Participant: 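My structure is below; once you've seen it, I'll send some questions.
Note that the structure is predicted; figures quoted are calculated from it, not measured. Letters go in sequence order (proteins before strands), and every chain restarts at 1.
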Amino acid sequence: MSQSGETCKEGNIAFKWGKKRGVGGKQQEVQFYESFSYDGVDYHLYDCVYLYKEREPEPYIGKLIKIWEQRVQKVKKIKVLWFFRAVEILNWLDSDGAMENELFLASGEGPGLANINPLEVLVGKCNVVCTSKDNRNPQPSKEILEMADYIFYRLFDVGSCKISEDIGVKVAGIEAKFIFNREGIQKPNSISEHESHGKEGIGKTNLFSQSMPSASKPDSQFPNVVPEGASQGERTKQLSQVSSEPKSHISPKLEFDKNSVTVIAMEMAEVESNGGKGKVSEVSINEKRKLVKNASELDKRPPKMAKLDGKIDKPKPNVSSAPALDKNNTTDGRYMELMRRPDTDRSKWFRQIPWEEQMLKGHENGTLVLLENLDPSYTSTEIEEIVHTAFQENCRAKVIPLTAISSPHCGRAFVDFKTREAADMVIRRLDEGCLMLPSGRPLVASKGKHLMPRMSTKFFGHLSVEKLKFQNHREEMRKAVSTSHCSQPNTIEYEMAMEWRLLQEKSDCWWKELYKQHSEELKKLRNNLQKK
Amino acid sequence: MGTTSTSQKDYDAFQEKVKRTVFVDNLSSDITISVLTKALGQFGKVINADFLPNYTESKLKDDTQCALVEMENEKQAKSIVTELSSFYFMIGGMPRPVRARLAKAEMFSERPCPPKRKILIRWVPPSEPDFMVAEKLKHLTKRHAAEASLLLKYQSDEETKLAEHQAETLKMSSKKYDMIDGIILDGTLSRLGRHYNMKTVDG
C-alpha cells in the first residue's frame, strides 16, 4: 500500500492523506484516497461519520463512499451516502415503527441518496452496526451491539419512498459487502485500526476508476479558483456554545456562517484525551475556521440539503427557509407559515354540495375527521390551510360553532378529506407526532361522527294537557300565528317555568365551573412549554 | 399572509353584526324560522335568523335548537337579552322558557378571519422536551372533551327528569280540575251544597 506521506500543514489541524487509490478526471487531476487522518482521527472509506449542520438538532450521519482531492486546487472532497433517522421518514414507517437508535440507509435513485461535501465538514466517526439477518452480513456480537451508536438493517428508497430489508447486490453503486459489517467490525474512533483494512484497498481501485467520469462531473460545478488567503483577514468569529450531544462524544467548537450555509467544525472529544488538556488553542480554532470557510466557499450547498426535496432551488416564498424534507418534515420543529391552498377543487362553476350532505357522505366513507384543540376563533378557511400546510392534503373544513355550553378553550372542526387513506394518515400522524398550533395547542384528531337525528327525539319541556286537543299543534306552528307569550305569574305554567329557569341557571354555573377548571389545568400545563 | 385575507372593513362590519345579534337556545325543534322571527319581532326588527347546526351528542337525547337572530341594532339585541331574562318567554310551547344572550363571533360558522393574522404551526420533534408536554396537552384535551360530554349527558338527564316530573304534576292537576269540572257539570256540586246548606258558585 502506498502511503502518500503527504502531510498538509494547515495550521494546527493535523491532516494526512492515507492510502492512495486511483486517479481520475480528464487530466488526471483527481486523486482518490482510501483513508486519511484528520484532526487525530483516522477515517477510512466506508466509515460512518457525523456531519454537523447548524440548527439541526442532531448531526447528520452518513457513510463515506468516496474520498478525493483535486490536485490543482488542493480541495479535499468526500462523497457521503446518507443514513436517515426514523423521524425523517416517519411518513413511510409502518405501524411497527423503529427502534430508538435505528437508522435507515438511503438507497434507490433520487435526491437525498448521497451528496458531495468538503472534507472539512466531518466532525467525527459514528459507530453504526448493521444488524441485517442477511447471511452475507457478519453478525455483530452482543458486546458490539451495546457499543453501537446506531444500528440499521433497513433501507429507505429515496425514489419510491419505500422501506425494505433487502440489501441487494449494490446500494447506491456500492457493493453490499461494504454496506454490511466488516469482518473486524469498526470500532469507534480507534486510531490503531489503520493496518487492518489494508486488504480492502487492493482490487477496488478498478471499480473506482471505472466510475471516474461520474465522479468528476460534480467537480465541474464548483468554482475553480479559490484565493488562498481570501479568508486570512476575516475577523474572528465568536465561538459558538452549541451544546454537545453527550452520546456522540463530540463537542462543537465553532461555527461559521456564509450565505446561509453553515458548517460547524467540531473537535473530537478524543483529542482532549490525546492532548491531555481539554482546550484547543485559539490559533487552532482560527485555522480551522479558515479551512471551513474555504470549504464553504467552494461548495455553497449545505452538507445535506436536497434530501428528499428536489425543488430546492426554487424560491418558496410561503415556506420558512426549510430546505430539507419539505414534504416530510414531520419533526424538524421549524415553524411553518400557512400556505394558501391551491384552489383546485374549488371550482367556481359548480356549487359545492351542502355541508350536511358532505358530512353524511364523509361519515359513511370514513373520510370525516374531527379536529380538536383549535383556537375557537379560527375560521374554516384557516383550518383548511393548516391541514394543507401540515399534510399537503386538500380537504373541506367546517368549524363547529360555539354554543352557550361548548368549551371556550377548545375549538372544534369537522374536516372532510378526499380519501379514507388521507383521513387515516392525518389521524395517525397527529396521534404519533405533535403539530403545535400557536399558544401551545397541539392538534388532536379523531374519526368524525355525523350524529343522525333520531326520529324519536323529543324536545323536553313543552307540555300539553292531553284533553285540550293539541293534535293540530304542528300544523298551527307552521301557520305561525301568535305562538309566543310571556308567562303570567299565578299560573301553573309560571311555576313550572321557574323550575326550568332554575335548571338553566344551574347548568350555566356548572359549565362555567367546568371550563374554569379546564382553563386552569391548561394554563398549568402550557407553562411547561419552552417554546410558546 | 397565506390566509385568505379579509379587509379590515369587512371584518369590522362583521364585528358590528355580532354586536346586534342574539344567541337564543332552549328552542324546540318544532319551531321554524318564521315562528322565531315573529316571536322576537315583538322586541324589534329581525334582520336575519338562522339555526345553528347541532353536532353535539345532546342531539341524540334532546332535540333542542339554538339560533342566531340578527336584530336591527345593538340596542334591540340588548333589550331582548334583558326582557328574556326577567320574564319567562315561551315560544311554541310551555313551560320551558327560551333563553337569550349576546352572540359571540365564534358562534357564526361562516365568519371572516381577522385581517393580518399569522398562524405559525410546527411539528414538534420527539427529541424536544416540549414533545412530552404536548403529549400531555393532547391527553388533557381529550379528557376535557370527555368531561364536557359527560356533563352534557348529565344536563340532558336533568332536563328529562324535570320534564317528566312536570308532566306528572300537570297530569295530576289536570285530573283534579277535570274532577272539579265534572262535579260542577253533573250537578253534584249544587246537590252537595244544598245538602250541607252551603252556597255554591252556580247554585
Participant: If you measure from CD on B:Q42 to NE2 on A:H485, what distance do you get to the nearest 0.5 Å?
Facilitator: 10.5 Å

Participant: Out of B:I121, B:L120, B:I119, which one pairs with A:T389 under the side chain to side chain contact (heavy atoms under 4.5 Å, CB included) rule?
Facilitator: B:I121

Participant: Do A:S377 and B:E106 pair up side chain to side chain, a donor and an acceptor below 3.5 Å, judged on atom types alone?
Facilitator: no

Participant: Are more than 12 heavy atoms from other residues, nucleotides or ligands located less than 6.0 Å from atom CD of B:E83?
Facilitator: yes

Participant: Measuring only between side-chain heavy atoms, which start at C-beta, is A:E382 closer than 4.5 Å to B:R117?
Facilitator: yes

Participant: Considering only heavy atoms from C-beta outward, does the side chain of A:P401 approach that of B:F108 to under 4.5 Å?
Facilitator: no

Participant: Identify which part of A:L522 has an atom lying under 4.5 Å from any heavy atom of chain B, answering side chain, backbone, both or neither.
Facilitator: both

Participant: Are side-chain N/O atoms of B:H144 and A:E521 paired as donor and acceptor at under 3.5 Å?
Facilitator: yes

Participant: Measure A:D375 against the heavy atoms of chain B and call it side chain, backbone, both or neither at under 4.5 Å.
Facilitator: neither

Participant: So B:P97 and A:Q504, do their side chains get closer than 4.5 Å, heavy atoms only?
Facilitator: yes

Participant: Heavy-atom distances under 4.5 Å only: say whether B:T37 touches chain A with side chain, backbone, both or neither.
Facilitator: neither

Participant: Between A:E372 and B:T141, does any side-chain donor sit less than 3.5 Å from a side-chain acceptor?
Facilitator: no

Participant: Can you tell if the side chain of A:R441 reaches within under 4.5 Å of the side chain of B:L137, non-hydrogen atoms only?
Facilitator: no

Participant: Atom CD in B:Q155, atom CD1 in A:I405: separation rounded to 0.5 Å?
Facilitator: 5.5 Å

Participant: With no hydrogens and no angle check, just 3.5 Å: does a side-chain donor-acceptor pair link B:Q166 and A:W500?
Facilitator: yes

Participant: Non-hydrogen atoms of chain A under 4.5 Å away: do they reach the side chain of B:F23, the backbone, both or neither?
Facilitator: side chain

Participant: Using non-hydrogen atoms and a 4.5 Å limit, figure out which bit of A:I492 sits close to chain B: side chain, backbone, both or neither.
Facilitator: side chain

Participant: If you count the non-hydrogen atoms of other residues, nucleotides and ligands that lie under 6.0 Å from CG in B:D186, is the total more than 12?
Facilitator: yes

Participant: Is chain A contacted by the side chain of B:A148, its backbone, both, or neither, given a heavy-atom distance below 4.5 Å?
Facilitator: both

Participant: Under 4.5 Å heavy-atom distance to chain A, tell me which part of B:R101 shows up: side chain, backbone, both or neither.
Facilitator: side chain

Participant: Hey, what do you get for OH (A:Y378) to SG (B:C113), rounding to the nearest 0.5 Å?
Facilitator: 11.0 Å

Participant: If I measure from the heavy atoms of chain A, does B:L84 come under 4.5 Å with its side chain, its backbone, both, or neither?
Facilitator: backbone

Participant: Taking it one step at a time, do B:W123 and A:R429 satisfy side-chain contact (heavy atoms from CB on, under 4.5 Å)?
Facilitator: CA-CA 10 Å; B:W123 287 100; A:R429 280 186 63 192; 3.4 Å; yes

Participant: Does a side chain donor of either B:E147 or A:H518 reach within less than 3.5 Å of an acceptor in the other side chain?
Facilitator: yes

Participant: Heavy-atom distances under 4.5 Å only: say whether A:L437 touches chain B with side chain, backbone, both or neither.
Facilitator: both

